[in-house]
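Below: one structure, written as structure tokens.
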Amino acid sequence: MKKAGLYPVVMLLVLAVWTCSLPHEPGPQPSTIVETEFDSALNVFGVLRLDGKINSSFFYIERTYQYQELDTIAWDESFIPIITNATVSVRRLSDAKDYPFTYELDSLRGEIYTCDYFIPTAEETYALTVSHDDFRTVTDTTTVPAVPALDADSVIVWGDMVYFQQRTAADVYLYDIIMLSSEDSLQYRFQNRDGATIPIAFQSTAPPEESVDIQVYGYDANLAEYLTTTITLKPQTYNETVTTVTGGYGVFGSVSVAAVTVPGAP
Amino acid sequence: MRRLAAILLLILPMVLQAANVSGYVADAETGETIIGVNIIVEGTDNGATTDVNGFFVIRRLPPGEATLRLSHIAYSEQTRTIRLDSEDLFLETIPLEPAVLQSEAIVVTGQRGNLIQKDMDIASFEISPQVLREVPQFNKDVFQLIKYSPSVTIGDRISPIYYVRGGDPGENLVQLDGMTIYNPQHALSMSAIFNPYAIKNIEMLVGGFDAQYGGRNSSILYITSREGHQEKVQGEFRPSSSGLVGAIEFPVRDKTTAMVSGRFMSDLTPRILMGMPNLMADFNGALQTTIGRTRLRFSAFYARDYIDYDFIRLGIYFKEEFMRNYSTGFLTNTNNNAVGLQTRSVLTPNLVLETHLYHSGFQVDNKNFIKFRAQDTTYEGNVDVVLNYETRVINEVSDNTVKASLSWFTTLNQTVKLGVEHNDITFLNDAGIFSLPSFSTELTSTLQAWYLQDRVELGPLLVKLGLRNTRFSPEQVWRQEPRASLALELRGVTLKAAWGRYHQYVTAMNTQDAELSQFLDYYYPLRHMEPLTSIHHILGLEGRITDQLDYSVTAYYKDFTNLYRFDYFNTIASIYSYEAALEQGEGEAAGVEFMLKGEAGRISGWISYALSRSTRRYASIQQGKTFLYDGDQTHNVKTVLLYQVTQDITASTTFQLTSGFPKTWETGIVSHYAYNPVSNTYGLFPEYLTPVKNNVRFPPRMDWEIGWKKQLRGGFGYQLAEYLGTDQAYLTLTVRNLLFLRRNPYMYFYLPGYGYYAYDISYFPSVQVGYMIKF
């Protein structure tokens, strides 16, 4: 009986030693249920920005990459998956006019594509084409939202509070309201609520003594969806990759900007 | 025709009323009622077994003298002679004297007798609480014990979340003396918020529930607490390096007893090494009294968790710059409370009225974060890149419930139970990410239910039919939940079958992909929506190999006809409507479970094997294709063995070998962009490309633990106990993670130039020594 009782113990010990892995070893690896291929594609971040300035609209393009390519980083710091030789073209659909965006190294935004004579028009629809010899062509369209209505006279600065009302428009899907003063930088984000007027109230850490800048950003449907998408940083968890473009990853959207400056607290 | 048959079934017992005998059976010393006492009328096959309240009803006794023989493995056998006329008789309370156990082994299966097999619920996992006391690995904790049920699969090793037969974790109901408890476990551990000392009985139903149970679709963990001591002060005290545990029960006055218990724990190691504040506390109290034929029970408990974990506090031990620029952690703050008043009145020997009024509340504020700072020297300005990923979930539940039921024990071995319930439940939900404002919503709903449960014994056949009707406001629709089960005993083998439809009106948010580890269920009401719906089909076989060894085989199929995906990221994306974040889906689960349980010589325990498969379908995931459920484990071997070395020493071992969980393996990386509208610049975070959900299975998981418990008869420990006025002192030794060289991966990190590294929680065995005195 005693010998018989030892068998399970011995078997477990043998099993433990047989399957063990020391802390410095990679350890047991998972088994495949479904073979899943890596999708090598372009990953675009494109913004058409209506703020009255040229060169505000830009594109940044990367490619997807595999973990194993990270090994390169360990030995070669020059590995960066940025695409600098793509052909980027934006077409205004109303008159079929094409705007080529070309690569440049911007001091603030790094390696981007810009067009130094392009200014988007509100409520116009633009089509994007990004082509590259090694990847599928990426396409998408965006309709530039109307410039948000913002009336400087409606802004009230009272002590450490700043009040105003924001009227929403049907073609704007997401708003970012920014209040900038010498004391603070505050942000409020909200989704469109069917043309309702939204009361906005910012509370500063101290009454703004000088001027107060109010900036309102209205995003189209593509950017609204992409910017409200969150990602997980936890490995081995399923996350549907949100993309608004066809043929690759990323987003092509537009944003309209309104800004006013009002005096600080009396 | 069917209606006529149903009416006849209900009316017939009234016509054929004869004399019934009912009463309670209680411990002669403590006064506590005893579950599972067999009462046989000598010279007949007639008898009964006491239920969870220690109550029994023997039917159809002819007028005249009868002798009742009462037996229970832990008590001396007793006979009692009664004289009956044609009237029903209520015997009040029959006391039983505790006996010295004669069994060589620790009994794990509870009481055995001629009637016990028929009375057992279908698909239950019922284990003697003595197992909790004798196996130190369980740390006297009910959640440690249920890990060893073949129907249960456990999430990652640092989470108390559990799955039952392929159901979602939020579908498990835990009730303490009938009060629904929300999130009844301490954060970061598989530790229940109930002091184990306070527990009298544990029953876990994993399917085929009676109509009296509702509100959750997967499992019911029904915990009955102790009732106090009627003659003397009794209790236990357990000091340890991690805190204090104490319990005391005592008589208040005649027929009134009370119990108070508490635990106050703080893990000193992280507190000292990392300056990590952590606190876990729980307190239970109960007062019970008997007035005439009515038993009143007032119970209350309070639990609190506070843990502030920040990995960067470990940075002081490392020189690397990386350790000062990277941090991850969480701040969890929970509060759990309940208070209730229960009554149980024997109106007539055949009629029992039960009422229950309680409040159960739960609040959590849980933050998880990852912070990373790096200097970007690529472009002008040397801008610091700061990633500050933070999730925050606030969830509050306030449940005010009143319920009542009437049980009628007819003379035809039929028991009819009619019950009503009214719950007013308020839910507060708030979820946010990064520093963006979160959206808070508070909703109040009313859940109303009434049910009818009929239980009929026809010779070797036991049939249970039930109907539960529920309504969740503001909807006015009543939904039906029919349930049926039967048990047929033939030549020592019992065939069991059950079928039932179940509705659940709350769902729980899945944050496993967002938080470092999901400790809790975050509840949300399904107003104006179809409830979660499951249909259970169960077929089982039970019998005995020897007098002391039972076997069971159970097959099940669960059809989840309506499920919801309520995950954290969906919720955040739908800033102004949680309901918009809910996605309807469906799923299935099927499996076969084998279990061998009992005693053989000095060895006792159980060994089980389960083969199962569980799947889900949601339109937004891979165009509605079926995928393996997160809690799916194909194979599952579990064993708990106790060896009675001597009368004073018990050795035990617990072992689990299970398939790994299906997980999503990333194929590559795609940058996810952020946009700063003020500076018109972008930022990017690496996001995993995961085109197929659950495309790999993690390696099998293995756990082996051993324990040793010794009653001290001499030495310092015994003398200390004597000094404190008791002679019961125990020493326990537990060794966990014996297979520490066999890694059970929690997740994999890709290390450049190295490959995928399997990350486990613990790399070393853990040894714990405990001391306990009972008084």
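So that the names make sense, note that chain A is the first sequence line, chain B the second, and so on, each numbered from 1.
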Over all atoms of both residues, closest heavy-atom pair of [X] and [Y]:
| X | Y | value |
| --- | --- | --- |
| B:M747 | A:P235 | SD-CG, 3.7 Å |
| A:P28 | B:A758 | O-CB, 3.9 Å |
| A:Y217 | B:V678 | OH-CA, 3.5 Å |

Got a second to check how far [X]'s [atom1] is from [Y]'s [atom2], nearest 0.5 Å?
| X | Y | atom1 | atom2 | value |
| --- | --- | --- | --- | --- |
| B:E666 | A:T237 | CD | OG1 | 7.5 Å |
| A:Q66 | B:T667 | CD | OG1 | 7.5 Å |
| B:E515 | A:K234 | CD | NZ | 8.5 Å |
| B:N676 | A:Q187 | CG | CD | 8.0 Å |
| B:T690 | A:E240 | OG1 | CD | 7.5 Å |
| B:S671 | A:I61 | OG | CD1 | 13.0 Å |

Applying side-chain hydrogen bond (donor to acceptor under 3.5 Å, both in side chains), run through B:N695 and A:T36 and close with a yes or a no.
CA-CA 7 Å; B:N695 53 351; A:T36 314; 3.0 Å; yes

B:Y673/A:N43 under side-chain hydrogen bond (donor to acceptor under 3.5 Å, both in side chains): CA gap, chis, key distance, verdict:
CA-CA 10 Å; B:Y673 301 107; A:N43 180 20; 3.3 Å; yes

With only heavy atoms counted, which part of [X] is less than 4.5 Å from chain B, the side chain, the backbone, both or neither?
| X | result |
| --- | --- |
| A:V216 | neither |
| A:I112 | side chain |
| A:V47 | side chain |
| A:Y226 | both |
| A:E35 | neither |
| A:D213 | neither |

What is the ring orientation for A:Y219 with B:Y675, classed by angle as parallel under 30°, tilted 30 to 60°, or perpendicular over 60°?
perpendicular

Do the rings of B:Y682 and A:F45 sit parallel, tilted or perpendicular, given the 30° and 60° boundaries?
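It falls in the tilted class, 30° to 60°.
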
For [X], which atoms come within 4.5 Å of any heavy atom of chain A: side chain, backbone, both, or neither?
| X | value |
| --- | --- |
| B:L628 | side chain |
| B:N694 | backbone |
| B:F749 | side chain |
| B:P677 | both |
| B:Q622 | both |

Report yes if the side chains of A:P30 and B:Y756 come closer than 4.5 Å at any heavy-atom pair, otherwise no.
no

Would a 4.5 Å heavy-atom cut-off, applied to side chains only, mark A:V34 and B:F627 as touching?
no

Worked check of side-chain contact (heavy atoms from CB on, under 4.5 Å) between A:L108 and B:T681:
CA-CA 8 Å; A:L108 183 63; B:T681 54; 3.7 Å; yes

B:T664/A:Q236 under side-chain hydrogen bond (donor to acceptor under 3.5 Å, both in side chains): CA gap, chis, key distance, verdict:
CA-CA 5 Å; B:T664 302; A:Q236 288 92 54; over 6 Å; no

Ranking B:Q512, B:K663, B:K693 by heavy-atom pairs under 4.5 Å to chain A gives rank one to B:K693

Of the listed A:L180, A:T32, A:N239, A:I178, the one with the largest count of heavy-atom pairs under 4.5 Å with chain B is A:N239

Counting the benzene-type ring for Trp, do A:Y249 and B:H672 have ring centres under 6.0 Å apart?
no

Determine whether A:Y65 and B:V670 satisfy the following criterion, side-chain contact (heavy atoms from CB on, under 4.5 Å), listing intermediate values before the conclusion.
CA-CA 7 Å; A:Y65 54 98; B:V670 58; over 6 Å; no

Run A:T241 and B:L689 through side-chain contact (heavy atoms from CB on, under 4.5 Å) and show every step you take.
CA-CA 7 Å; A:T241 308; B:L689 269 176; 3.9 Å; yes

Check the pair B:N680, A:S56 against side-chain contact (heavy atoms from CB on, under 4.5 Å), reporting the backbone distance first and the verdict last.
CA-CA 7 Å; B:N680 193 24; A:S56 282; 4.1 Å; yes

So does A:Y173 have more than 12 non-hydrogen atoms from other groups sitting under 6.0 Å from OH?
no

